[in-house]
Amino acid sequence: MSASFSRRKFLGAASGLSLGALLPAKLAFPAIHTSKTARGPKGKGPMIVCSRGERWGPKVTQPGFDILSKSGKLMDAVEKSANVTELDPEDMSVGYGGIPNEECVVQLDSSIMYGPTHNCGSVASLEGIKTPCSVARLVMERTDHIMLVGPGAQRFAVMHGFQIENLLTDKARQVWLRWKENVSDKDDWLAPQEGVEKNGKRVTGTINVFGKDDQADIAGITTTSGLGFKIPGRVGDSPIIGAGLYLDNEVGAAGATGRGEEVIRTCGSFLVVEEMRRGKSPDEACKIACERIVAINKRAGVEVDFNDKYVAMNKDGEVGCYAIMGSKKNPPYVCWMDSDGFHTHAGGFLIDQG
Ligand code: ASP
């Protein structure tokens with residue numbers, strides 16, 4: 001690595017390692033790019049939706065769609081699809097192989113919701129369990145609570161037969177080590193190169209999965225390893241119902257990825273669903289939630305140098321997505337599988353990264 005190594009370069013390189021959505025260069029209140037939003041594309045009948053494009057979309061949506069087609073079991077379908085990324089160490093933003101926290105410990109967040117009962121479950125700061133969405137499902141189905149965190153969530157998982165495993169892959173450990181050695185020039189950790197750029201952008205990534213069955217009942221999951229190098233115990237938006245995930249069986253489903261703190265303080269996914277209730281298309285509803293984040297930051301005089309993305313599906317099977325930042329080359333994606341096969345849809349973005 002060259003002497004001019006910078007955090008930004010490091011994160012850029014890391015994107016080649018499938019680190020998920022990496023954040024852009026600093027932009028001080030850049031021009032807002034308003035892409036047109038029309039009614040979005042529509043899936044046909046039972047379908048599985050996810051917040052990814054061509055690379056992950058088919059392998060995530062296929063197993064859930066197979067379950068939906070064969071047995072119609074909606075919860076099994078969304079769980080199986082979300083498990084794909086949780087179990088795959090190549091995805092370094094979800095489950096096993098996720099980027100660890102500041103102390104090199106992988107802590108996972110996940111939530112689940114079932115439309116017909118409006119029940120939900122979630123886990124946060126869960127260590128040692130590869131499939132946190134499956135634990136969130138048990139919290140929903142087998143307890144009278146909604147959210148379990150930390151050691152309590154892990155004990156609950158073990159009592160349901162889950163194995164405690166090492167979630168830290170060698171690849172994720174090396175990414176952490178490079179971050180640790182470069183994060184400060186005031187500590188005793190020395191990087192094998194000189195030049196430290198402080199306050200660089202953070203590694204993020206998550207997956208949202210929705211399902212709709214032949215009765216038009218809907219279910220959803222959000223699952224993540226959260227913000228890379230976070231303070232131990234930090235909980236993002238993903239396990240917070242209304243923030244990283246929300247759905248209403250009469251309206252549709254929404255989920256978020258990106259900087260979770262912004263999504264929490266704007267109740268982002270709830271906002272998207274409520275906008276769809278008022279008749280907005282999924283694309284338009286996602287755009288409104290992105291605009292809300294930009295607006296509150298502008299109001300407070302804070303530079304918008306982070307990204308958030310929403311994906312949504314309405315009760316009719318219409319899908320959409322929108323992000324704060326994107327480019328023609330790298331727009332936000334949502335994808336789905338239905339009886340006509342696999343499809344992707346590129347959404348709009350507010351700030352053009354060029
Ligand atoms: N939203 C997640 C969190 O803040 C991370 C991400 O989606 O990138 O934990």
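Just so you know, ligand 1 is whichever comes first in the structure, and atom 1 is the first atom listed for that ligand. This chain uses plain numbering: 1 for the first residue, then up along the sequence.
- Residue E318 is tested with K44, K212, K42, R39 for a salt bridge (charged side-chain N to carboxylate O under 4.0 Å, His left out); the sole match is R39.
- By the ring-ring contact (aromatic ring centres under 6.0 Å, His included) test, Y333 is found to be paired with no residue, residues two or more places apart in sequence or in another chain being considered.
- At a 4.0 Å heavy-atom cut-off, ligand 1 touches T257 through backbone and side chain alike.
- A distance-only check finds a donor-acceptor pair linking the side chain of K230 to the backbone of S225 [under 3.5 Å].
- Between T206 and ligand 1, a contact under 3.5 Å exists for at least one N or O pair.
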Please determine whether side chain to side chain contact (heavy atoms under 4.5 Å, CB included) holds for the pair D88 and Y96, giving the CA-CA distance in whole Å, both sets of side-chain angles, and the decisive distance to 0.1 Å. CA-CA 7 Å; D88 191 334; Y96 173 54; over 6 Å; no
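- Where the criterion is an N or O separation shorter than 3.5 Å, residue side chain and backbone included, D237 meets it with respect to ligand 1.
- The residue among E261, R234, K230 with a heavy atom at the shortest distance from atom 4 (O) of ligand 1 is R234.
- Not one N or O of G226 is nearer than 3.5 Å to an N or O of ligand 1, by distance alone.
- Evaluation of the side-chain hydrogen bond (donor to acceptor under 3.5 Å, both in side chains) rule for S111 yields no partner, not counting sequence neighbours.
- At least one heavy atom of G258 sits closer than 4.0 Å to an atom of ligand 1.
- Residue L227 has at least one heavy-atom neighbour below 4.0 Å for each of these atoms of ligand 1: 9 (O).
- Near G236, the atoms of ligand 1 lying under 4.0 angstrom from a non-hydrogen atom of the residue are 9 (O).
- The two residues V263 and D237 have their closest heavy-atom pair at CG1-OD2, 3.5 Å.
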